[in-house]
Amino acid sequence: MSELYSITKKIISGGKGILAADESTGTMTKRLDSVNVKSTAENRLLFRETLLSSQSMKDCIGGVILYDETIKQTASNKKTIPELIESSGTVPGIKVDTGAKILANSTKEKITEGLDGLRERLKEYYKLGARFTKWRAVYIISENFPSKLAIHTNAHALARYAALVQETGMVPIIEPEVLMDGTHNAEDCLMKTSEVLKKCYDELILNKVDLKGTILKPNMILPGSTSGEKIESKKIAELTLKCLKESVPSDVPGIAFLSGGQTEKEAAENLNEINKLNNTNFVMTYSYGRALQQSALKFWSNNIKDINGTQNTFNHRAKMCSLAAQGKWTAEIENK
Ligand code: 13P
């Protein structure tokens, strides 16, 4: 177990966070389509290799979550992608769920799949160099959602996943994402996220998962994206801290937020406020996909040969997130 604790520490300490580069081929194709780049295996690798070779990998990124395709690819310097990541002192990770499908007896809600054959797949990923993993459950908010059924079944799957991952010697990231889509207000998000998190920890404890060797990847507490409600960053931080303090056992060493559709700036500013107010024992950091990669992807798509320019754009984002993880981000530094 002490091995798990040191992996966890390496990923999230010292102002470092996680780069979530684990978009499935379908999602990555959408991202590349949006900037008019053809989604081939070569182009997906080229963009990812450019980020994974940048300076901020050493300074700001403690772990990278990969997708099945990428963990098996080789970089242009002949290193495997996990070797390239390790050469920056960063921990390679892997998404191991196989996606969210419609839950039986529900019209809209989803259950995340991937438990069948998971033990064997985990062993293979360990051999390829992965030392941590991710499983994402997804919940929607509306008057009747998330339902007890979605909350219960997803918590059960997350806990069985986490137990298998620890058995293989890797750190599980537990990601119950309550989506920001909807007209709900921030108080609703707080109430529903708390219910989801509490059930996850009931199941994790029942499945004897060692919480000290896990990382939680939650959403921040935000008003629904079509609610018309705008609240200050400080209020978001207060509500998020209240939710996590009440719902997450203190044994959990670290919380690495997803960005979930926030802009790059919002994701940095909100994390910064959370760290300024943080009165818990949890390390509060980032595990961002879009909020770390969006600008770099846009720059790259217009300047596909400009490796330095793409890396500089990514380095700036990673630096902003790292400052936010230490409560040291400011709007002035952001705009420099
Ligand atoms: P976003 O930060 O783009 O929400 O992605 C994080 C993630 O890994 C979602 O599973």
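Numbering of ligands and ligand atoms starts at 1, following listing order.
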Could you walk me through whether K234 and E269 pass salt bridge (Lys or Arg N to Asp or Glu O under 4.0 Å), step by step? CA-CA 9 Å; K234 185 157 178 274; E269 187 172 8; over 6 Å; no

Run the salt-bridge test on [X] and [Y] with the 4.0 Å N-O cut-off and return the result as yes or no.
{"X": "K192", "Y": "D188", "value": "no"}
{"X": "R119", "Y": "E167", "value": "yes"}
{"X": "R44", "Y": "E69", "value": "yes"}

Looking only at protein heavy atoms, identify the closest one to [atom] and say how far it is in Å.
{"atom": "atom 1 (P) of ligand 1", "value": "S259 OG, 3.3 Å"}
{"atom": "atom 4 (O) of ligand 1", "value": "G260 N, 2.7 Å"}
{"atom": "atom 5 (O) of ligand 1", "value": "G289 N, 3.6 Å"}
{"atom": "atom 6 (C) of ligand 1", "value": "K217 NZ, 3.4 Å"}

With atoms numbered from 1 as shown, which atoms in ligand 1 lie under 4.0 angstrom from a non-hydrogen atom of Y288? 2 (O)

Any idea which atoms of ligand 1 are less than 4.0 Å away from a heavy-atom of A20? 8 (O)

May I ask whether A291 has any heavy atom positioned less than 4.0 angstrom from an atom of ligand 1? no

Does the residue K95 have a heavy-atom contact with ligand 1, meaning some pair of atoms that are separated by less than 4.0 Å?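 It does not, in that no heavy atom of K95 comes within the 4.0 Å cut-off of ligand 1.
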
Are there more than 12 heavy atoms of other residues, nucleotides or ligands under 6.0 Å from atom NZ of K101? yes

Short N/O distance, under 3.5 Å, between [X] and ligand 1?
{"X": "K134", "result": "yes"}
{"X": "E175", "result": "yes"}
{"X": "R31", "result": "no"}

Check the pair Q293 / L19 against side-chain contact (heavy atoms from CB on, under 4.5 Å), numbers first and verdict last. CA-CA 9 Å; Q293 300 181 80; L19 167 63; 3.8 Å; yes

Show your reasoning for whether side chain to side chain donor-acceptor pair (under 3.5 Å) applies to N279 and K245. CA-CA 9 Å; N279 53 358; K245 260 204 305 211; 3.3 Å; yes

Contact summary for N154 and A137, nearest pair of heavy atoms: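 The answer is OD1-CB, 3.7 Å.
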
Quick one: look at R290 and ligand 1, take heavy-atom pairs under 4.0 Å, and tell me if it's side chain, backbone, both or neither.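 The part of R290 near ligand 1 is both the backbone and the side chain.
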
